[in-house]
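Remember, it's a predicted structure, so these values are computed and weren't measured experimentally. Residue numbering restarts at 1 for every chain, and letters A, B, ... go by the order of the sequence lines.
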Protein chains: 2
Amino acid sequence: MTRTPIGSVRSTSAMAKGRVTLSREDVVVAAGRLLDETGIDGLSMRSLARTLGTGPATLYWHVRDRDELLAAVLDDTLSAVEVPADGGWQECLLTLSERMRAALLPRPALVTVLWGASWRLGPTTLRLADETIALVAASGLPDDEVADAYLALIWFVLGFVHAESQAEANAGFAAHEPPGSYPHLSRFNPSTDPAAMHRRFTGGLRHLLAGIAEQAGQHRTEGLRP
Amino acid sequence: MTRTPIGSVRSTSAMAKGRVTLSREDVVVAAGRLLDETGIDGLSMRSLARTLGTGPATLYWHVRDRDELLAAVLDDTLSAVEVPADGGWQECLLTLSERMRAALLPRPALVTVLWGASWRLGPTTLRLADETIALVAASGLPDDEVADAYLALIWFVLGFVHAESQAEANAGFAAHEPPGSYPHLSRFNPSTDPAAMHRRFTGGLRHLLAGIAEQAGQHRTEGLRP
DNA sequence: ACCTGAACACCGTTCAAGT
DNA sequence: ACCTGAACACCGTTCAAGT
């Protein structure tokens, strides 16, 4: 893909990578890789620069700041998610949600980027949000309820992936507390093996979708349109 | 409340505050105040130590690390939330959720502490979670669905408060994008004035609770118990 | 256009030593 | 029991200067 004109290489480490000049995409891809290897705390501007064989200042040519970098990694990660084209809106939203879950599960730190959406999001992420809203709107829900139904849906997806990614981190909970101090918390502690997680995910989603469908149905039979 | 024996004061700044020695509570209260004044980024171990007239090392006597400090501030903040005692489980969950919203809205950064629950939580927070689960269980939902219904509920509450707290930060969204690039995102952009937010909050919750009730009802009529 | 070195203004945490 | 100073090992970001 990238040609390597031999005369004009800048740094030995850049040469080792077969690069002449850094592109924004190089930076984002390297950031994703570093995220996978070291987690979100290991992904600093300085450590990323180190893996690219430069100083941190260089990165700021390609990216406004760390938040924009993270949003770009998120955007890159979500580009794997295709919006299903045919089927009813419920089916579509279900498989779309499963694809989002699959895309985010290997990089759960990005859930927090999406959650704290004050961070400026990339075009892929925004397009995905836009099309998801369109599917929710296709339920026939009244306009002023579409946004909240959409939000309940993505919060469920994000919350679920987030919880799933730290299932084992939280597993030791019961061990740290004197038994019986939080009876319900421990009684209803659900199974976290992968198969159960998938069942719980789709089960929860189905309930949400059924709720939306029912609400939309009520609206249809109530309202008399010209 | 705190007596001030005059002979044994340590630092002039501690004296000014009328303290002899620092208690964990002093630290947590000061952290809450600093959070209110400067936001989560302004609340560092060093800045907190500065407002208390000591060095950062001192804080580590009272608190294991920054995460525990934040969990303690959350715990303190949630201690204002009372779990309603009488009424049906739906009513109870509704007013409980409104109280959580009211408690968290002035300190939205704590939503993220609760969300990223890998952080060890305090006793008040855990007791609150436990009693909330108990209320969900009172719906009659089958045991293996209680946890997920509970999660859908708190994710909605947390997501909502989070979104609400940055409503104005996100308000400028439409302005930054070329018009028409994300048609549904802008079309279903709901109102964010306080009254509308409250309506949307309770509306969304009612839908979730109705869904739980219906699911529980189905379970009751299906199952034949001895 | 793209990169660099050096600096600014911070962080969280540890630890031996003090009272 | 509680606090301190000093250090370790980092951060994100800016900016004038280089090619």
**Report entry** Separation of atom CZ in Arg24(A) from atom P in dC3(C), rounded to whole Å
**Finding:** 14 Å

Can you check whether [X] has a side-chain N or O nearer than 4.0 Å to OP1 or OP2 of [N]?
X        : N      : answer
His62(B) : dC3(D) : yes
Thr58(B) : dT4(D) : yes
Trp61(B) : dC2(D) : yes

Under-4.0 Å salt bridge between [X] and [Y]:
X         : Y         : value
Arg187(B) : Asp143(A) : yes
Asp65(A)  : Arg120(A) : yes
Arg33(B)  : Glu37(B)  : no
Glu164(B) : Arg101(B) : yes

Query - Parallel, tilted or perpendicular, as decided by the 30° and 60° cut-offs, for the rings of Trp155(A) and Phe160(B) - result: perpendicular

Sidechain-backbone polar pair: [X] side chain, [Y] backbone, donor-acceptor under 3.5 Å:
X         : Y         : answer
Ser79(A)  : Asp76(A)  : yes
His162(A) : Trp115(B) : yes
Arg66(A)  : Ser44(A)  : no

Under 3.5 Å, which protein N or O atoms sit close to an N or O of nucleotides 10-14 of chain C? Give each pair with its distance.
{"unit_1": "dC11(C)", "atom_1": "OP1", "unit_2": "Ser44(B)", "atom_2": "OG", "d": "3.1"}
{"unit_1": "dG12(C)", "atom_1": "OP1", "unit_2": "Met45(B)", "atom_2": "N", "d": "3.3"}
{"unit_1": "dG12(C)", "atom_1": "OP1", "unit_2": "Arg66(B)", "atom_2": "NE", "d": "3.3"}
{"unit_1": "dG12(C)", "atom_1": "OP2", "unit_2": "Met45(B)", "atom_2": "N", "d": "2.9"}
{"unit_1": "dG12(C)", "atom_1": "OP2", "unit_2": "Arg46(B)", "atom_2": "N", "d": "3.4"}
{"unit_1": "dG12(C)", "atom_1": "N7", "unit_2": "Arg46(B)", "atom_2": "NH1", "d": "2.5"}
{"unit_1": "dG12(C)", "atom_1": "O6", "unit_2": "Arg46(B)", "atom_2": "NH1", "d": "2.7"}
{"unit_1": "dT13(C)", "atom_1": "OP2", "unit_2": "Tyr60(B)", "atom_2": "OH", "d": "2.9"}
{"unit_1": "dT13(C)", "atom_1": "OP2", "unit_2": "Arg66(B)", "atom_2": "N", "d": "3.0"}
{"unit_1": "dT13(C)", "atom_1": "O5'", "unit_2": "Tyr60(B)", "atom_2": "OH", "d": "3.4"}

Report task. Rounded to whole angstrom, note down the P distance from dA9(C) over to dA9(D). Result -> 24 Å

Report task. Could you identify which residues of residues 28-39 of chain A place a heavy atom less than 4.0 Å from some atom of DNA chain D, listed by residue number, or say none? Result -> none

Report task. Could you please name the partner base of dG5(D), counting Watson-Crick and G-U wobble pairs only when both distances are under 3.5 Å? Result -> dC15(C)

